[in-house]
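Here's the structure we're looking at; comments come further down.
Order of the sequence lines fixes the chain letters, A, B, ..., with proteins taken first and strands second; residue numbering starts at 1 for each chain. For clarity, every value in this text was computed on a predicted model and none was experimentally measured.
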Amino acid sequence: MEHTDIKALGGQVGASVTVLGWVVTTRTSGKIAFVVVRDGSGYLQCVVSKRDVTDEVWSRLAELAQETSVRVAGVVRADPRQAGGVELTVTDLAVIGPSVDFPISPKEHGTSFLFEHRHLWLRSRKQVAIAKVRHRVFQAIHDFYDQRGFSHVSTPILTGSIGEDAGNLFATEYFDLGQAYLAQTGQLYVEAACAALGRVYCFGPTFRAEKSKTRRHLTEFWMVEPEVAFADSEDNMRLQEDFVSYLVARALDQCAEELKELERDLAPLERVVPPFPRISYTDAVAKLNQLGSDLAWGQDLGGDDETLLCKEYDRPIFVKNYPKEVKAFYMKENPDDPRTVLNNDCLAPEGYGEIIGGSQREDDHDRLLARIEAQGLDPKAYGWYLDLRKYGTFPHSGFGLGVERTVAWICGIPHIRETIAFPRQIHRLYP
RNA sequence: UCCCGAGUAGCUCAGUCGGUAGAGCAGCUGACUGUUAAUCAGCGGGUCGCAGGUUCGAGUCCUGCCUCGGGAGCCA
């Protein structure tokens with residue numbers, strides 16, 4: 001359909017154009033009316049003057065309820081008072097689709113109501129800004145790995161063998177083969193693929209049936225998981241800090257308007273450059289004890305501990321070498337301290353906490369088998385995974401970055417559920 | 001699963017000591033040629049989450065249940 005994107009009007013002052021979009025608000029003042037229209041590319045104030053249009057067009061203003069879809073023709077006029085620098089002097093206006101009693105008014109609403117109307121809430125300014133940042137982050141993820149010679153691998157969503165433990169997996173019947181599970185990680189599969197391609201990553205939805213009710217959890221979320229052959233834990237952290245810094249830099253570069261709309265303080269983001277501070281779990285516990293936490297060695301860091309620790313630094317940090325007992329079976333033992341493993345978490349500042357969990361993988365067949373058996377897992381289900389250690393085993397490392405947590409942090413919004421179009425939570429499967 | 005908190009108009013909320021159900025916004029009608037969540041005047045709008053109990057009388061007090069929100073644990 002013949003029309004011009006609102007975003008492109010800045011360079012077309014004086015031109016006659018047609019815009020297609022939806023009515024945001026209308027204001028009338030007797031013989032002049034202001035209609036704000038959005039089209040996904042931007043927002044435009046359309047000015048209708050009674051003396052400049054036919055009576056028929058003027059009378060149509062009464063039909064322009066919130067979210068009515070419209071075709072507006074007019075002349076682009078420079079106006080420094082407008083956000084985009086231009087407004088439209090309307091010559092013709094037609095309703096494409098009426099909108100009666102749109103439920104989301106410009107005033108305040110509660111979260112419950114908004115998520116019940118998520119399909120419509122997506123149209124609001126702040127939600128559009130978040131969605132655009134998310135899109136840029138997705139694109140930056142692919143660009144980063146492409147530039148570094150990684151191949152994308154699509155790992156299965158339906159799986160038989162299991163990543164971590166069975167307690168929080170979604171199960172479904174799978175023909176005659178019993179239970180299948182929705183993947184909660186693609187990691188085991190990218191380990192296989194990295195022996196074929198060297199540097200790989202998977203990027204897809206993951207599913208966790210955890211009954212978590214916090215601002216950091218969804219039951220369905222997106223995770224990007226790189227895996228690198230012949231990389232140790234130190235190489236792994238260097239990749240992570242380069243990656244996180246790249247994502248933030250791209251957002252600062254490409255999403256300035258959106259971050260302004262979200263009223264994001266850019267200063268903490270501008271400090272996100274390598275290297276990130278590295279602190280061992282053992283040192284972190286000692287430091288937290290000094291800061292007043294009663295965390296004991298051997299316990300996993302809680303959310304409050306993470307926040308407390310992060311306040312000591314001005315950028316994301318790595319906490320590395322956690323106790324073996326609190327971590328997954330596939331992580332390689334730390335030769336310098338066998339109580340711990342060669343892993344790391346990356347904690348984002350400003351209270352956002354863990355955005356990455358990564359590790360060097362156990363590459364010794366017998367040690368891995370022992371860990372699988374010790375955790376009560378069925379070695380037969382992991383036969384193919386153990387094979388990777390039988391046929392040319394190799395040191396390798398990787399990590400998983402939670403995309404929604406990362407987007408929430410970049411946008412500076414308090415809850416990750418707004419970073420995905422249709423969040424899945426314990427009490428939400430609609431819309 | 002555990003610990004808090006909340007359910008009253010389309011939305012956000014107030015509702016005192018138990019005594020006729022309220023406001024703002026939204027909607028509708030009208031006025032206004034430069035408004036940015038416009039302003040001004042007027043109008044309509046209720047299964048007080050559900051069930052039971054106490055009482056002459058319950059939005060309000062008691063019991064049970066349901067739903068939702070925040071947090072914990074778990075994790076990215």
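Side-chain polar atoms of A/Tyr43 and A/Gln82 form no donor-acceptor pair below 3.5 angstrom. A side-chain N or O of A/Glu191 and one of A/Tyr385 form a donor-acceptor pair less than 3.5 Å apart.
The base-pairing partner of B/A23, taking Watson-Crick or G-U wobble contacts with both distances under 3.5 Å, is B/U12. Across all strands shown, B/G64 is found opposite B/C50 as a Watson-Crick or G-U wobble partner, with both distances under 3.5 Å.
Look at CD on A/Glu306: it is 11 Å from P on B/A76, rounded to the nearest Å.
Look at the P atom in both B/U36 and B/C50: the space between them is 41 Å, to the nearest Å.
Along RNA chain B, the nucleotide nearest to A/Pro103 and the one nearest to A/Ser212 differ in position, and the one closer to the 5' end is contacted by A/Pro103. Mapping A/Thr219 and A/Thr214 onto RNA chain B via the closest heavy atom, the residue that lands nearer the 5' end is A/Thr214.
In this structure the side chain of A/Cys411 reaches within 4.5 angstrom of the side chain of A/Leu262, judged on heavy atoms.
Environment of CZ in A/Arg60: crowded, with over 12 heavy atoms of neighbouring residues, nucleotides or ligands closer than 6.0 Å.
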Show, in sequence, the C-alpha distance, side-chain angles and deciding distance for A/Phe329 and A/Tyr382, and conclude whether the ring pair (Phe, Tyr, Trp, His ring centres under 6.0 Å) test is met. CA-CA 12 Å; A/Phe329 71 90; A/Tyr382 293 89; 5.5 Å; yes
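Of the listed residues (A/Phe113, A/Trp121, A/Phe115), just one forms a ring-ring contact (aromatic ring centres under 6.0 Å, His included) with A/His117, and that residue is A/Phe113.
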N/O to N/O distances under 3.5 Å, protein versus nucleotides 35-38 of chain B:
from	atom 1	to	atom 2	distance (Å)
B/U35	O2'	A/Arg27	NE	3.1
B/U35	O2	A/Arg27	NE	2.6
B/U35	O2	A/Arg27	NH2	2.9
B/U35	O2	A/Gln45	OE1	3.3
B/U35	N3	A/Gln45	OE1	3.0
B/U35	N3	A/Gln45	NE2	2.8
B/U35	O4	A/Gln45	NE2	2.7
B/U35	O4	A/Gln82	NE2	3.2
B/A37	N1	A/Lys107	NZ	2.8
B/A37	N3	A/Lys107	NZ	3.2
B/A38	OP2	A/Arg27	NH1	2.9
B/A38	N6	A/Thr28	O	3.0

